[in-house]
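Below: one structure, written as structure tokens.
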Amino acid sequence: MACPPLTYGICYRDVVTIDSLARVVHKSGHRALRVALVVEHADQDQVHELLHGKAVDTGLPLEWLQGAYLAVDFPPGSGETPFVEVLEPFAQADALYWEIDS
């Protein structure tokens, strides 16, 4: 996947220009879900497997960084509700942090 997981403001297929700094010239309509698992949380492996399974089930492109950071690409017209429903209980238990960037 070409979704830049840690680059805020840039999503898959955005057109960017890079001169003295990078800026988006045209937004693609894709959105990036970013998740950071809390390493100290006892259920990190369980949460990782659950999120990975959810992403695979939906067929959406995903990328893991060091097993604790997840980026999922949402093409135009796709919904994030299935992920949000899974993420919220873990976020409320301080097991992870998440956001959606467009």
Side-chain angles (χ1 to χ4, degrees):
M1 176 175 74
C3 175
L6 299 178
T7 307
Y8 292 103
I10 301 174
C11 294
Y12 181 61
R13 299 188 63 101
D14 284 355
V15 177
V16 298
T17 184
I18 301 174
D19 37 41
S20 59
L21 64 122
R23 64 183 171 85
V24 176
V25 176
H26 175 74
K27 296 296 287 180
S28 64
H30 286 247
R31 293 170 299 134
L33 168 71
R34 294 185 185 93
V35 180
L37 302 181
V38 176
V39 176
E40 298 83 23
H41 197 274
D43 297 327
Q44 181 186 4
D45 290 339
Q46 177 187 6
V47 175
H48 176 103
E49 290 302 317
L50 180 66
L51 295 178
H52 188 81
K54 179 59 88 174
V56 169
D57 288 348
T58 62
L60 295 172
L62 66 106
E63 184 173 343
W64 281 98
L65 177 63
Q66 299 176 347
Y69 301 96
L70 170 66
V72 179
D73 174 52
F74 288 101
S78 62
E80 69 275 353
T81 302
F83 278 94
V84 172
E85 291 172 349
V86 171
L87 294 171
E88 268 309 300
F90 292 110
Q92 291 175 8
D94 294 326
L96 58 80
Y97 301 98
W98 69 273
E99 66 184 11
I100 296 179
D101 194 6
S102 57

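Excluded from the calculations below are hydrogen atoms, water molecules and symmetry mates; all remaining heavy atoms, backbone and side chain alike, are included.
- Taking Ser102 as the reference, nothing meets the side chain to side chain donor-acceptor pair (under 3.5 Å) condition, with sequence neighbours excluded.
- Summarising the geometry, atom CG belonging to Leu37 is positioned 5.0 Å from atom CH2 belonging to Trp64; distances are rounded to the nearest 0.5 Å.
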Counting only pairs under 3.5 Å, give me each side-chain donor-acceptor contact of residues 15-26, with atom names and distances, residues two or more places apart or in other chains.
{"residue": "Asp19", "atom": "OD1", "partner": "Leu21", "partner atom": "N", "Å": "3.4"}

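- Proximity of a side-chain donor or acceptor of His30 to a complementary backbone N or O of Asp73 within less than 3.5 Å is not detected.
- In this structure, Asp14 contributes its side chain and Ser28 its backbone to a donor-acceptor pair below 3.5 Å.
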Side-chain donor-acceptor contacts of residues 77-87 below 3.5 Å, not counting sequence neighbours, with atom names and distances?
{"residue": "Ser78", "atom": "OG", "partner": "Pro75", "partner atom": "O", "Å": "2.6"}
{"residue": "Glu80", "atom": "OE1", "partner": "Arg31", "partner atom": "NH1", "Å": "2.5"}
{"residue": "Glu80", "atom": "OE1", "partner": "Arg31", "partner atom": "NH2", "Å": "3.3"}

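- Here the closest heavy-atom approach between residue Cys11 and residue Ala32 is recorded as SG-N, 3.7 Å.
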For side chain to side chain contact (heavy atoms under 4.5 Å, CB included), just list the numbers for Leu33 and Leu60, CA-CA rounded to whole Å, side-chain angles, deciding distance to a tenth of an Å, and then say yes or no. CA-CA 11 Å; Leu33 168 71; Leu60 295 172; over 6 Å; no

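- With a 4.5 Å cut-off on side-chain heavy atoms, Asp94 and Val38 do not count as touching.
- Side-chain contact between Val72 and Thr58: absent, with no pair of heavy atoms (C-beta onward) separated by less than 4.5 Å.
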Pair Leu51-Phe90, side chain to side chain contact (heavy atoms under 4.5 Å, CB included): steps then yes or no: CA-CA 11 Å; Leu51 295 178; Phe90 292 110; 5.7 Å; no

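- To the nearest 0.5 Å, the span separating CZ on Arg34 from CG on Leu70 amounts to 11.0 Å.
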